[in-house]
Amino acid sequence: MTRTPRDLSRLLRPASIAVLGGTWAERVVTQCRATGFEGEIWPVTPSRSTLGGIATLPDLSALPAAPDAAFIAVNRHAAVDAIGALAELGAGGAVCFASGFAETGEEGRDLQAALVDRAGEMPVLGPNCYGIINYLDGALLWPDQHGGTRRTRGVAIISQSGNIAINLTMQQRGVPIAFVATLGNQAQTGIADLIRAFAHDPRVTAIGIYLEGIGDAAEFAEAVANAETQNTPVVVLKAGRSRKGAELALTHTGSLAGAADVMDAYFRDIGAITVPSVPTLLEALKITHVHGRLPGNTIVTLSCSGGEALLVSDRAETLALDFRPFTEEEKAQVDATTHPLVTVDNPFDYHTFDWGDWERAGATYSAVLACGFDMAALVLDVPRADRCATTDWDNAVTAWRTAQQETNGRAAVIATMPELLPEATQAELLEDGIVPLVGLDDALLTIAACAAPVSPAPERAHGLRRTAPRDAQLHRTRNLTEHEAKLLLSHAGVPVPSGALVTSPGEARAAFDALGPNVAMKAVAADLLHKTELGAVRLGLTSHDAVRDAYIALAAISPTVRLEQMAPSTVAEIIVGIRHDPVIGFYLLVGSGGILTEVVGDSVVLILPTSSEAIRAALLALRSAVLLAGFRGRPAGDIDAAVAAIHALAVFAQDHADTLDELEINPLLVHAQGAGVTAVDAVLRVVEKADPPAPIDTRQEISS
């Protein structure tokens with residue numbers, strides 16, 4: 001169960017600040033005074049009479065009252081004592097700047113545990129933490145340079161890197177930053193606490209996060225959901241998106257679903273917007289600051305150049321954006337405002353016939369904005385002011401602004417390069433409710449990210465029900481044989497071929513008589529995971545002699561052989577995999593299967609538990625979905641049966657959450673509509689405690 005959130009209100013919005021230490025503490029005093037902090041500042045140090053121009057106090061006992069916030073810039077041992085003293089005084093919270101705690105080893109971990117113990121219920125950011133910037137109230141618990149200014153409202157940025165946080169304050173893209181907070185070691189107060197606190201400040205319009213790792217996926221999910229109830233979108237830049245470690249995967253699932261795919265699926269499920277880079281984080285924060293999460297993905301762009309329209313078209317093909325055509329009625333309305341030689345299309349090249357006639361161009365802008373697109377973007381590149389005249393471009397911005405005000409359309413301006421939209425212009429557009437976006441590719445990518453659909457609230461709730469991390473030292477893993485795996489899957493409701501185990505040519509002949517006239521034979525052993533590559537499979541056997549010869553060959557690999565019925569003709573092959581992520585829990589991968597699995601790399605990840613509707617959408621999102629629909633006159637596939645089988649696997653994973661480690665069916669054969677599906681190959685690995693017997697009973701035989 002998620003713990004009770006900490007009250008960070010005094011720490012984030014202090015009326016009084018105590019600073020402890022020397023040089024670093026003095027910088028905090030200087031920063032607060034420079035930004036016009038109107039509250040009390042109490043420097044505490046026994047070695048100096050003044051700090052930043054303010055008379056000092058010799059120790060914490062001399063404070064006139066319990067401070068709302070404290071910045072502690074003393075050595076690590078003294079910091080622990082100071083935190084204990086502040087907690088006893090009833091302070092509202094503290095930033096612990098000192099390093100040398102859990103990040104350094106066992107001694108540091110012990111010291112960090114002492115810090116948490118001494119803090120009690122008082123919130124502490126850190127240790128090893130740069131601090132907090134509050135541009136709304138001018139309260140900077142921050143010992144270094146920064147690039148922001150005072151604001152009345154804006155976005156909050158949370159960073160697991162102090163340096164990234166500093167860099168983000170230096171942006172020149174007009175982003176109105178209200179808060180910046182770094183996390184340090186998160187010994188006590190973490191990222192979820194800050195998300196909740198910022199979401200409850202009505203002056204915060206959106207939250208951007210530079211994220212390196214999540215400690216508690218359930219708590220993070222709950223905090224994001226809480227922010228959404230406050231209409232405060234959360235935008236996440238997740239660093240560390242490599243596939244490192246995929247080579248350790250037992251099945252194909254691990255190599256197909258890299259860290260990025262699993263995390264993106266998790267973020268999508270819990271309602272967070274994800275972006276791939278620092279520039280797109282900033283662009284997304286501008287969109288969400290003005291418009292929040294976009295209600296859909298229909299977009300129109302306007303440019304006076306065919307070249308820009310072509311660039312938009314090229315990029316749009318790779319993104320989930322809908323450049324829907326104008327309706328006939330909309331086309332007529334727009335056409336009435338343009339030159340006769342202009343063709344109304346989307347992307348819309350309105351040419352330069354009306355360039356300079358801003359009344360007529362403004363009418364075109366208004367007609368387009370009135371068409372109800374989820375985003376309408378004017379592509380506009382402003383010349384450099386030190387060498388060129390910018391009057392016409394300034395007039396274009398004014399006309400676009402007027403059109404937006406007349407129509408209340410959801411509007412943006414896109415510059416193809418960051419240099420082509422001045423920072424001052426970006427700030428003015430934001431104030432007027434128009435999103436300034438810079439860099440054409442980043443702009444379109446970010447619009448798509450902010451328009452990405454989210455799961456309905458009941459489905460997102462599963463983000464709060466993750467499997468607890470396992471202690472690897474208390475468990476071991478064991479591979480089941482394919483025969484054992486198919487027994488379990490059959491009992492779970494997944495169709496598998498009828499089959500039997502044989503250990504001699506005579507048994508093989510008898511099994512063939514029961515299962516024929518067309519069978520497959522496979523060598524069976526727990527370590528035979530990818531049989532085709534090992535020559536451990538024989539297909540299409542239709543006689544006693546063929547079965548005998550196949551058994552003799554396979555017995556050289558393993559004396560135990562599975563004989564099973566050949567599956568009927570196939571429309572498509574699907575891979576279905578389930579793995580356990582130590583932070584997120586179980587996830588499901590659905591992709592193009594068979595020999596195409598690693599060649600095509602066509603897959604979708606879903607976090608468990610999931611729904612039949614989500615599984616169906618994942619199947620239809622695959623590039624191989626054209627086969628399921630009936631490709632070039634071939635029969636359509638039994639999608640309903642595929643969805644049912646995959647959902648049964650998902651339920652099986654939930655029912656065996658304590659013992660399942662990894663599961664893969666490759667391929668799941670999808671037959672013609674009405675003919676069902678068949679799992680013809682299965683790999684299953686279980687986890688069990690070191691001493692007790694196997695957690696799953698697989699001793700029964702599959703009836704032939």
Among side-chain atoms of N518 and Q565, is any donor-acceptor pair under 3.5 angstrom? no
(Q) Is it true that T678 and H671 share a donor-acceptor pair across their side chains at a distance under 3.5 Å? (A) yes
**Request:** Assign the ring pair H544 / F512 to parallel, tilted or perpendicular, where the plane angle (0 to 90°) is split at 30° and 60°.
**Result:**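 Aromatic pair H544/F512 classed perpendicular.
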Any side-chain heavy atom of [X] within less than 4.5 Å of one from [Y]?
X: I191; Y: F220; answer: yes
X: V275; Y: V236; answer: no
X: I607; Y: V262; answer: yes
X: V537; Y: L539; answer: yes
X: I447; Y: D374; answer: no
X: V312; Y: L444; answer: yes
X: L649; Y: V494; answer: yes
X: V571; Y: P635; answer: yes

Distance-only, no hydrogens or angles: does the [X] side chain make a donor-acceptor pair with backbone N or O of [Y] under 3.5 Å?
X: Q160; Y: E212; answer: yes
X: R109; Y: E103; answer: no
X: N346; Y: R324; answer: yes
X: T232; Y: Q230; answer: yes
X: D638; Y: G676; answer: yes
X: D264; Y: D261; answer: no
X: S558; Y: V524; answer: yes
X: E507; Y: T503; answer: yes
X: Y551; Y: P559; answer: yes

Tell me the closest heavy-atom pair linking [X] and [Y], and the distance in Å.
X: P497; Y: R562; result: O-NH2, 3.0 Å
X: L541; Y: A550; result: CD1-CB, 3.6 Å
X: A199; Y: N226; result: CB-OD1, 4.4 Å
X: L628; Y: A572; result: CD2-CB, 3.8 Å
X: V626; Y: R623; result: CG2-O, 3.6 Å
X: A492; Y: A648; result: O-CB, 3.6 Å

What is the distance from atom [atom1] of [X] to atom [atom2] of [Y], rounded to the nearest 0.5 Å?
X: I665; Y: I578; atom1: CD1; atom2: CD1; result: 8.0 Å
X: S603; Y: L588; atom1: OG; atom2: CG; result: 10.5 Å
X: L281; Y: L211; atom1: CG; atom2: CG; result: 11.0 Å
X: Y266; Y: Y587; atom1: OH; atom2: OH; result: 16.0 Å
X: T610; Y: H647; atom1: OG1; atom2: NE2; result: 7.0 Å
X: L622; Y: I574; atom1: CG; atom2: CD1; result: 6.0 Å

So, using salt bridge (Lys or Arg N to Asp or Glu O under 4.0 Å) as the criterion, who are the partners of D640 when residues are at least two apart?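 Once residues adjacent in sequence are excluded, the partners of D640 under the salt bridge (Lys or Arg N to Asp or Glu O under 4.0 Å) criterion are R616.
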By salt bridge (Lys or Arg N to Asp or Glu O under 4.0 Å), which residues pair with D441, not counting sequence neighbours?
->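 So D441 forms a salt bridge (Lys or Arg N to Asp or Glu O under 4.0 Å) with R315.
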- Message: So, applying side chain to side chain contact (heavy atoms under 4.5 Å, CB included) with I273, which one of I287, V235, T446, L294 is it?
- Response: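 One option only clears the test, and that one is V235.
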Ion pair present between [X] and [Y], side-chain N to carboxylate O less than 4.0 angstrom?
X: E219; Y: R196; result: yes
X: R579; Y: E664; result: no
X: K486; Y: E564; result: yes

With side-chain contact (heavy atoms from CB on, under 4.5 Å) as the test, would you mind laying out the steps for V547 and T542 before giving the verdict?
CA-CA 8 Å; V547 167; T542 59; over 6 Å; no
Q | Non-neighbouring partners of F373 that pass ring-ring contact (aromatic ring centres under 6.0 Å, His included), sequence neighbours left out | A |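 With sequence neighbours excluded, F373 shows a ring-ring contact (aromatic ring centres under 6.0 Å, His included) to F326, given in chain and number order.
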- Should we say atom CZ of R509 is surrounded by more than 12 heavy atoms from elsewhere, each under 6.0 Å from it?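 Check fails, neighbour count at 12 or below.
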task: Please assess V686 against T477 for the test side-chain contact (heavy atoms from CB on, under 4.5 Å), listing each intermediate value before the final yes or no.
output: CA-CA 6 Å; V686 296; T477 59; over 6 Å; no
- prompt: Does the pair V576 and L668 meet the rule for a side-chain contact (heavy atoms from CB on, under 4.5 Å), with working shown?
  reply: CA-CA 7 Å; V576 185; L668 177 71; 4.2 Å; yes
(request) For side-chain contact (heavy atoms from CB on, under 4.5 Å), just list the numbers for L663 and F586, CA-CA rounded to whole Å, side-chain angles, deciding distance to a tenth of an Å, and then say yes or no. (result) CA-CA 11 Å; L663 185 162; F586 282 105; over 6 Å; no
